[in-house]
Amino acid sequence: MKIIPGPASQLLASRVAQQLGIQPTICEYRQFPDGEFYTRILDDGIDDVTIIQSTPQDSDLIALLQLIDACEEAPQINVVIPYMGYARQDKVFKPGEPVSARAIARTINADRVFTVNVHEQTVLEHFNADSFDLDASHLLGDYIRSLNLKDPLIIAPDAGALDLAETAATDVGVPYDYFEKTRHSGESVTIKDKEIDVVGKEVIIIDDMIATGGTMAESIRMLKEQGATEVYVACVHPVLTRNAVVRLYNAGVTDIISTDTLEKVQSKITVAPLIADAIKKL
Ligand code: R5P
């Protein structure tokens, strides 16, 4: 088995290879003068492959498609997309829109596809391959436990994150609750007023991803106003676009915790064991 690290998942792929006791394959990535991408796998042995590449940017999807094509001769092609861009457009919200997640999934030509906490499980149905979603919520729970907080409470910022909050809270052995969110635009959300007893508590808000930080910033403000002493935010996918980090600190966050499905300074937790275990079972 070869591990092929895509340009967006170099560290994570290296960690997975390390867990498997193999060396990841070196690839060449550069751009032509007209902006097109050049990709080359610097190993021409024929073997089963696992390509690991998140797709936060459109160019990352191009690199993934190129890598899959370069592995055309491999007997088995596994593709791991730790963070799958466009997964949030998982249905037609307004007439005339595409199901972007479906459009992306249909481009992946592989034997198996693995995602990590993909935004909606229905996205998996669109891959023309056996598809599996790996769950990082226990890893988030382990990290939260390691903080040794005195009186913690886990909150989901919306009903969609409730499963994540419930799993992590059950692992840590602490209570959990959730807010109700209404999204008005890409950056603007409101969180419905809800009295939760957070006075003197350390609250961890948990979500699948933090993008603009709007959801978390509103939640942090409400919890601080209600008397929480510390508010941490934890997510699987640290998209953290635009001013997200500043918005979170302005709102009073204590720390931002995330996994390395996207490689940011906040990626304190690695999902490598999840991926390595899935590969070992193949
Ligand atoms: C939405 O349903 C997701 O689970 C996240 O809550 C959302 O994507 C976060 O986006 P933002 O950080 O821009 O509020």
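Numbering starts at 1 and runs along the sequence shown. In each ligand, atom 1 is the first atom listed, and ligand 1 is the first ligand listed. All values below come from the heavy atoms of this structure, side chains included, with hydrogens, waters and symmetry mates left out.
- A donor atom on one side chain and an acceptor atom on the other are not found under 3.5 Å apart for D90 and H119.
- Using bins of under 30°, 30° to 60° and over 60° for the plane-to-plane angle, the ring pair F32/Y38 lands in the perpendicular bin.
- Close contacts between ligand 1 and D208 involve ligand atoms 3 (C), 4 (O), 5 (C) [criterion: under 4.0 Å to a heavy atom].
- For the residue pair E230/T254, the side-chain donor-acceptor check at 3.5 Å is satisfied.
- A donor-acceptor contact under 3.5 angstrom links the side chains of Q76 and R112, judged on distance only.
- Counting protein heavy atoms only, atom 8 (O) of ligand 1 is closest to R88 NH1, 2.7 Å.
- Heavy atoms of G160 stay at 4.0 angstrom or farther from ligand 1.
- Side-chain contact annotation: Y86 with D58, donor-acceptor N/O pair under 3.5 Å present.
- Between the side chains of T215 and K181, at least one donor N or O sits under 3.5 Å from an acceptor N or O.
- Taking all heavy atoms of M209, R183, R247 into account, the minimum distance to atom 10 (O) of ligand 1 is reached by R183.
- Between D260 and S267, the shortest heavy-atom distance links the atoms CA-CB, 3.7 Å.
- Using a 3.5 Å distance cut-off with no hydrogens or angles, the side chains of H184 and T190 do pair a donor with an acceptor.
- Residue contacts with ligand 1 do not include V189, since none of its heavy atoms lies under 4.0 Å from the ligand.
- For atom 14 (O) of ligand 1, the closest non-hydrogen atom on the protein side is T215 OG1, 2.6 Å.
- In terms of polar-atom proximity, defined here as any N/O pair under 3.5 Å, I210 makes no such contact with ligand 1.
- At under 3.5 Å, a nitrogen or oxygen of A211, whether backbone or side chain, sits near a nitrogen or oxygen of ligand 1.
- Atom 1 (C) of ligand 1 has its closest protein heavy atom at H119 CE1, 3.6 Å.
- Residue contacts with ligand 1, taken as heavy atom pairs separated by less than 4.0 Å, involve D158 solely via side-chain atoms from C-beta onward.
- Residue contacts with ligand 1 for D207 involve side-chain atoms from C-beta outward but no N, CA, C or O (heavy atoms, distance under 4.0 Å).
- Between the side chains of Q31 and E36, no donor-acceptor pair of N or O atoms lies under 3.5 Å.
- Protein heavy atom at the shortest distance from atom 13 (O) of ligand 1 is T212 OG1, 2.6 Å.
- Using 4.0 Å as the threshold, K181 has a heavy atom nearer than that to some atom of ligand 1.
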